[in-house]
Amino acid sequence: MVGLSDDEQADLVHHGGVDKAVHHYAIDHHEAWVAEQPALASALDGPGAFGENVSTLGWKEDDVCIGDRFRMGTALVEISQGRQPCWKLGHHFGDPAMVGRVVGTGRCGWYYRVIEPGAIMAGDRIRLIDRRYPEWTVARTFRILIGKVPTSRSDIADLAGLPQLSRSWRARCHAMLG
């Protein structure tokens with residue numbers, strides 16, 4: 001399963017595919033973005049501003065982990081990686097520096113792969129079903145792989161060993177290990 005029904009993904013190499021089937025972004029971040037960049041207020045007046053399929057309050061990158069499984073509606077999904085921002089985000093907001101701001105703040109959102117297809121509708125409950133790697137939050141993983149925070153080789157090797165981590169981010173770990 002590579003995404004949501006009726007959700008066209010124009011760039012499956014960078015923004016879709018099995019490991020990036022569903023994008024989740026925390027609406028909780030909107031207030032901080034507007035406080036830092038008041039010009040973004042109109043762009044952030046509702047869900048979907050970051051191109052996400054799922055928007056929620058109460059879960060941020062420090063609250064969810066690689067490999068977490070959630071029941072959304074009748075679908076079962078699993079977190080595979082954080083969202084790596086690209087130039088399209090800067091273009092969307094009319095600010096090329098937005099990519100650097102996302103990297104600097106870690107307010108990236110995350111991707112799911114679909115484990116069991118199902119129906120997801122606005123207002124459906126999202127329930128955490130399983131957490132295997134509480135030490136590997138999306139925030140920590142993003143800081144290491146995208147924010148390039150200095151990290152021990154053993155931690156990078158441990159991260160590379162997570163089968164739930166997306167293929168592209170495992171490759172990034174291996175590249176860091178040389």
Side-chain angles (χ1 to χ4, degrees), residues 1-3 9 11-30 32-33 36 50-72 75-90 96-116 126-178:
M1 186 94 198
V2 294
Q9 295 176 345
D11 180 359
L12 291 176
V13 172
H14 298 103
H15 297 286
V18 173
D19 287 335
K20 297 183 262 185
V22 179
H23 177 222
H24 189 144
Y25 196 79
I27 292 177
D28 308 66
H29 295 320
H30 288 203
W33 284 121
E36 295 165 10
F50 283 81
E52 69 271 22
N53 308 107
V54 176
S55 302
T56 57
L57 288 167
W59 285 336
K60 296 189 240 177
E61 293 79 0
D62 280 320
D63 304 316
V64 296
C65 304
I66 301 299
D68 279 2
R69 287 191 173 187
F70 292 88
R71 182 68 66 185
M72 288 186 196
L76 181 66
V77 297
E78 177 180 83
I79 296 178
S80 58
Q81 71 171 70
R83 179 189 186 186
Q84 180 178 349
C86 73
W87 68 270
K88 290 179 185 177
L89 195 60
M98 192 67 174
V99 172
R101 288 187 185 100
V102 170
V103 171
T105 63
R107 296 190 295 251
C108 60
W110 54 92
Y111 283 111
Y112 298 100
R113 67 175 55 88
V114 177
I115 304 301
E116 294 174 8
I126 301 173
R127 293 174 295 139
L128 177 64
I129 301 297
D130 185 31
R131 174 166 287 159
R132 297 178 192 153
Y133 308 108
E135 69 278 18
W136 288 109
T137 64
V138 169
R140 180 180 181 210
T141 304
F142 184 84
R143 282 191 304 268
I144 291 169
L145 296 180
I146 306 302
K148 299 191 178 2
V149 170
T151 305
S152 72
R153 288 182 61 78
S154 65
D155 280 352
I156 295 169
D158 288 348
L159 180 57
L162 298 183
Q164 290 79 9
L165 186 65
S166 70
R167 280 185 225 153
S168 63
W169 280 27
R170 273 191 310 222
R172 188 178 287 265
C173 289
H174 291 297
M176 291 171 75
L177 291 169

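Everything quoted here is computed from the prediction, not taken from an experiment. The first residue of the sequence shown is numbered 1, and numbering continues consecutively from there.
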Item to complete: Return yes if some donor-acceptor pair links the side-chain N/O of Gln164 with the main-chain N/O of Leu162 below 3.5 Å, else return no.
Response: no

Worksheet item: For Trp110, which of Phe142, Tyr25, Trp59 qualifies under side chain to side chain contact (heavy atoms under 4.5 Å, CB included)?
Response: Trp59

Worksheet item: So, for Gly147 and Val103, which heavy atoms are closest and what is the spacing to 0.1 Å?
Response: CA-CG1, 4.0 Å

Discussion item. What's the separation between atom CE in Met98 and atom CH2 in Trp87, rounded to the nearest 0.5 Å?
Written reply: 15.5 Å

Worksheet entry | Within 6.0 angstrom of Arg167 CZ, more than 12 heavy atoms from elsewhere | no

Worksheet, complete the sentence: Correct closest heavy-atom pair for Pro85 and Leu89 would be CB-CD2, 3.9 Å

Worksheet item: Does Arg69 reach the side chain of Arg132, with side-chain heavy atoms less than 4.5 Å apart?
Response: yes

Worksheet entry | Parallel, tilted or perpendicular: ring planes of Phe70 versus Tyr112, cut at 30 and 60 degrees | perpendicular

Item to complete: Applying side chain to side chain contact (heavy atoms under 4.5 Å, CB included), run through Leu145 and Cys173 and close with a yes or a no.
Response: CA-CA 7 Å; Leu145 296 180; Cys173 289; 3.7 Å; yes

Worksheet, complete the sentence: Sequence neighbours excluded, the answer for salt bridge (Lys or Arg N to Asp or Glu O under 4.0 Å) partners of Asp63 is none

Item to complete: Check whether any side-chain N or O of Glu78 sits under 3.5 Å from a backbone N or O of Ile115 as a donor-acceptor pair, and report yes or no.
Response: no

Worksheet, complete the sentence: Between Val114 and Ala21 the two heavy atoms that sit nearest each other are CG2-CB, 4.0 Å

Worksheet, complete the sentence: Sequence neighbours excluded, the answer for side chain to side chain donor-acceptor pair (under 3.5 Å) partners of Asp158 is none

Discussion item. Working to the nearest 0.5 angstrom, can you tell me the gap between Thr56 OG1 and His24 NE2?
Written reply: 2.5 Å

Worksheet item: Quick check: does any side chain N or O of Asp19 sit under 3.5 Å from a backbone N or O of Gln81, one acting as donor and the other as acceptor?
Response: no

Worksheet item: Going by the side-chain hydrogen bond (donor to acceptor under 3.5 Å, both in side chains) test, which pairs reach into residues 139-150, not counting sequence neighbours?
Response: Arg140-Asp155

Item to complete: Heavy atoms only: give me the nearest Cys86-Val99 pair and the separation to one decimal.
Response: O-CG2, 3.0 Å

Item to complete: Tell me, with the steps shown, if Ile146 and Arg172 meet side chain to side chain contact (heavy atoms under 4.5 Å, CB included).
Response: CA-CA 9 Å; Ile146 306 302; Arg172 188 178 287 265; 3.8 Å; yes

Fill in: CZ-CD1 distance between Arg71 and Ile126, expressed to the nearest 0.5 angstrom
12.5 Å

Worksheet entry | Which residues share a side chain to side chain donor-acceptor pair (under 3.5 Å) with Glu36, sequence neighbours left out | Arg107

Discussion item. So, using side chain to side chain donor-acceptor pair (under 3.5 Å) as the criterion, who are the partners of Thr105 when residues are at least two apart?
Written reply: none

Discussion item. For Trp169 and Ile144: C-alpha separation, side-chain torsions, deciding distance, then whether side chain to side chain contact (heavy atoms under 4.5 Å, CB included) applies.
Written reply: CA-CA 11 Å; Trp169 280 27; Ile144 291 169; over 6 Å; no

Response to the item:
On a heavy-atom basis, the closest approach of Gly109 and Val138 is O-CG1, 4.0 Å

Worksheet, complete the sentence: Between the CG atom in Asn53 and the NZ atom in Lys20, the distance rounded to the nearest 0.5 Å is 13.0 Å

Worksheet item: Can you list the residues that meet the side chain to side chain donor-acceptor pair (under 3.5 Å) rule with His23, with sequence neighbours excluded?
Response: none

Worksheet, complete the sentence: Correct closest heavy-atom pair for Asp68 and Arg131 would be OD2-NH2, 2.7 Å

Worksheet item: Rounded to the nearest 0.5 Å, what separation is found between the OG atom of Ser154 and the CG atom of Leu159?
Response: 11.5 Å

Discussion item. Nearest 0.5 angstrom please: Gln84 CD to Ser166 OG, how far?
Written reply: 9.5 Å

